[in-house]
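As the structure is a prediction and not an experimental result, all values here were calculated from the model.
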Amino acid sequence: MNAIAAVPNRLVSAIRRSFRQFLSLPLATVSGFIALSALVYLADGSWSGAEGPPGFRWLGALMGDRAALASLLATVASSIITVTSITFSLLLLAVQQGAGALTAQVTDQFMARRTNQFYFGYFVGLSVFVLTTLVTNTDYHRPVFAAALSLLLTALALCLIIVMIYNTIDQMRPEQIIQFIHDKVLEARSADLRLLAATRRAERPGFVDLALVRSRESGYVVGLDPARIAAALDRHGRGDAEIVVLIALGTYRAVGDPVFRLRVSPSAASRMDARERLAGEGLVGEILAAFVYDDGRDLQNNTAYGLHQLATIAWTSVSTSKSNPNPGLTVIQALRDIIAQWSRGEVEAPGDAGACIVYGDAAPVIATDALEAVIVVASESIQSQTLTEAIATLAILLRHVETPTAERLADVARRALSSLGEHVLTRQLEASLADLAEALTERGFVATAEAVSAATADLAASLGKLNSRSTRVPGPTA
């Protein structure tokens with residue numbers, strides 16, 4: 001695809017992403033204030049008479065004449081704009097500090113929260129409402145109702161500032177950030193399941209590879225249209241072709257990176273005309289157009305991105321760059337819940353046996369890989385409590401997850417033994433390793449269980465000796 005031709009698609013994708021991530025609710029709230037301003041303007045038309053509407057004359061006397069209203073509205077408008085500017089500046093500074101303590105992922109979860117979106121929309125919409133009311137205060141129009149409503153909404157805004165400050169500070173806690181991302185990952189799983197239901201997991205037996213198709217543009221592959229691909233294959237292949245998608249949604253592709261393999265039936269592969277038709281620009285171009293590229297990923301519908309954020313937070317906090325075990329422990333607990341909830345889906349994953357698209361379920365694998373990454377970084381910072389929690393998580397999950405998940409976790413346990421030499425065998429770590437060996441034995445991974453027991457015994461042999469920090473084996477201590 002030509003880079004220039006892709007610009008409109010990228011622009012549309014960026015606009016959709018901005019509205020989906022943040023802009024929808026604030027702009028809707030501002031629009032609501034504008035609509036309210038129009039309605040109140042019509043209601044204030046009743047004050048054009050000398051007496052005013054019956055039952056509300058006391059309000060007209062309380063608010064005063066045109067000059068008093070102008071002075072009141074000017075004061076309210078300048079105050080609300082000043083308070084909004086200062087408050088938002090402080091909030092953004094708090095978000096920046098939180099991002100510095102963890103990672104830039106803090107910004108994503110801050111913008112994605114509906115309450116924060118409402119706060120921004122409310123204060124901006126209130127400013128627009130007050131300014132509009134000030135403009136409509138003329139000799140022919142006396143905005144008594146609008147001025148009274150401006151006072152009430154401003155008082156509410158001042159109360160909301162207290163709530164907003166507390167919410168922002170609370171949202172900057174690592175536990176809240178991780179829990180929010182955890183919830184979004186589980187919600188985004190529904191998008192994966194829809195795609196899995198429209199595709200197959202296994203390739204058709206007997207089909208042969210015809211072409212490896214590479215990306216013609218760069219960016220994150222954030223969407224895939226199975227119906228469009230199926231229609232293109234039906235027109236050109238008539239049941240003789242299928243594609244095997246080589247990437248998971250959310251993966252970055254540079255120009256020339258492989259995207260999918262085109263496979264054909266033996267009968268089509270034996271005919272020159274069929275091979276030329278299926279590998280031609282017409283079919284390949286239509287299939288590539290069904291892949292949606294964007295310059296960024298969205299936490300709302302991309303499980304891989306959410307898992308990447310959890311792994312990044314854990315790596316940053318657990319490593320010696322921050323040396324803070326608490327966020328890492330919370331990430332491990334979040335990953336344990338995610339892996340447990342997704343395990344059943346690995347053996348009961350939806351699929352369409354007649355689909356012409358083969359797409360693998362990568363999310364459960366990414367989740368276990370994220371847990372493995374935490375174990376690796378714990379060896380760099382020698383955080384025994386983090387490693388203990390990760391080992392305990394492996395043991396807990398092994399006792400109840402399905403076989404495909406258990407096999408990956410057993411492999412993670414085997415690979416994790418390479419990092420034990422960096423640690424001191426604390427009592428808690430020893431107990432967790434013993435529990436892991438028992439869990440592995442119960443699930444039938446006897447060789448791995450024996451390796452865990454042997455590694456534990458080797459590490460126990462170093463107890464009571466002065467060892468070097470880097471390897472925990474006898475060496476120089478200087």
Locate the shortest heavy-atom distance separating [X] from [Y]; write the atom from each residue and the value.
{"X": "L398", "Y": "A406", "value": "CD2-O, 3.6 Å"}
{"X": "R263", "Y": "R204", "value": "NH1-O, 3.3 Å"}
{"X": "I178", "Y": "P327", "value": "CD1-O, 3.4 Å"}
{"X": "F123", "Y": "A157", "value": "CZ-O, 3.5 Å"}
{"X": "Q309", "Y": "I181", "value": "OE1-CD1, 3.5 Å"}
{"X": "A367", "Y": "L307", "value": "N-CD1, 3.8 Å"}

Between [X] and [Y], is there a side-chain N and carboxylate O pair less than 4.0 Å apart?
{"X": "D192", "Y": "R189", "result": "yes"}
{"X": "R261", "Y": "D209", "result": "yes"}
{"X": "R427", "Y": "E430", "result": "no"}

Spacing of [X] atom [atom1] and [Y] atom [atom2] [to the nearest 0.5 Å]:
{"X": "T368", "Y": "E407", "atom1": "OG1", "atom2": "CD", "result": "12.0 Å"}
{"X": "S462", "Y": "L425", "atom1": "OG", "atom2": "CG", "result": "7.0 Å"}
{"X": "R17", "Y": "D298", "atom1": "CZ", "atom2": "CG", "result": "7.5 Å"}
{"X": "R443", "Y": "L409", "atom1": "CZ", "atom2": "CG", "result": "9.0 Å"}
{"X": "Y359", "Y": "I229", "atom1": "OH", "atom2": "CD1", "result": "11.0 Å"}
{"X": "H182", "Y": "Q341", "atom1": "NE2", "atom2": "CD", "result": "6.0 Å"}

With no hydrogens and no angle check, is any side-chain donor or acceptor of [X] less than 3.5 Å from a backbone partner on [Y]?
{"X": "S343", "Y": "A340", "result": "no"}
{"X": "R200", "Y": "A355", "result": "yes"}
{"X": "Q383", "Y": "V318", "result": "yes"}
{"X": "Q117", "Y": "M111", "result": "yes"}
{"X": "T303", "Y": "V185", "result": "no"}

Measuring only between side-chain heavy atoms, which start at C-beta, is [X] closer than 4.5 Å to [Y]?
{"X": "T199", "Y": "V245", "answer": "no"}
{"X": "I357", "Y": "F260", "answer": "no"}
{"X": "D294", "Y": "R16", "answer": "no"}
{"X": "L371", "Y": "L394", "answer": "yes"}
{"X": "D361", "Y": "W342", "answer": "no"}
{"X": "V347", "Y": "R344", "answer": "yes"}
{"X": "P364", "Y": "T405", "answer": "no"}
{"X": "E450", "Y": "V446", "answer": "yes"}

query: Is the H308 ring parallel, tilted or perpendicular to the Y305 ring (thresholds 30°, 60°)?
result: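 H308 vs Y305 ring planes: parallel.
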Quick one: do the [X] and [Y] side chains pair a donor with an acceptor below 3.5 Å?
{"X": "T320", "Y": "E380", "value": "yes"}
{"X": "Q428", "Y": "T388", "value": "no"}
{"X": "Q333", "Y": "R336", "value": "no"}
{"X": "S215", "Y": "Y293", "value": "yes"}
{"X": "R414", "Y": "T448", "value": "no"}

Taken in chain and number order and not counting sequence neighbours, the residues that satisfy side-chain contact (heavy atoms from CB on, under 4.5 Å) with Y252 are S218, Y220, A254
Item to check | side-chain contact (heavy atoms from CB on, under 4.5 Å) against F120, all qualifying residues, sequence neighbours excluded | outcome: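 Counting only residues at least two positions away or on another chain, F120 forms a side-chain contact (heavy atoms from CB on, under 4.5 Å) with F22, F88, F110.
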Quiz item: So I243 and V358, side chain to side chain contact (heavy atoms under 4.5 Å, CB included) or not? Walk me through it.
Solution: CA-CA 6 Å; I243 71 163; V358 180; over 6 Å; no
With T386 as partner, the option from L329, V377, I391 fulfilling side-chain contact (heavy atoms from CB on, under 4.5 Å) is L329
I'd like to know whether I247 forms a side chain to side chain contact (heavy atoms under 4.5 Å, CB included) with D257, so could you lay out the CA-CA distance, the side-chain angles of the two residues, the decisive distance to 0.1 Å, and finally the verdict.
CA-CA 10 Å; I247 58 175; D257 287 355; over 6 Å; no
Could you go through the side chain to side chain contact (heavy atoms under 4.5 Å, CB included) check for V452 and F445 one step at a time? CA-CA 11 Å; V452 171; F445 303 105; over 6 Å; no
Chi angles and distances behind the salt bridge (charged side-chain N to carboxylate O under 4.0 Å, His left out) call for R173, D170 = CA-CA 6 Å; R173 305 180 197 274; D170 184 59; 2.9 Å; yes
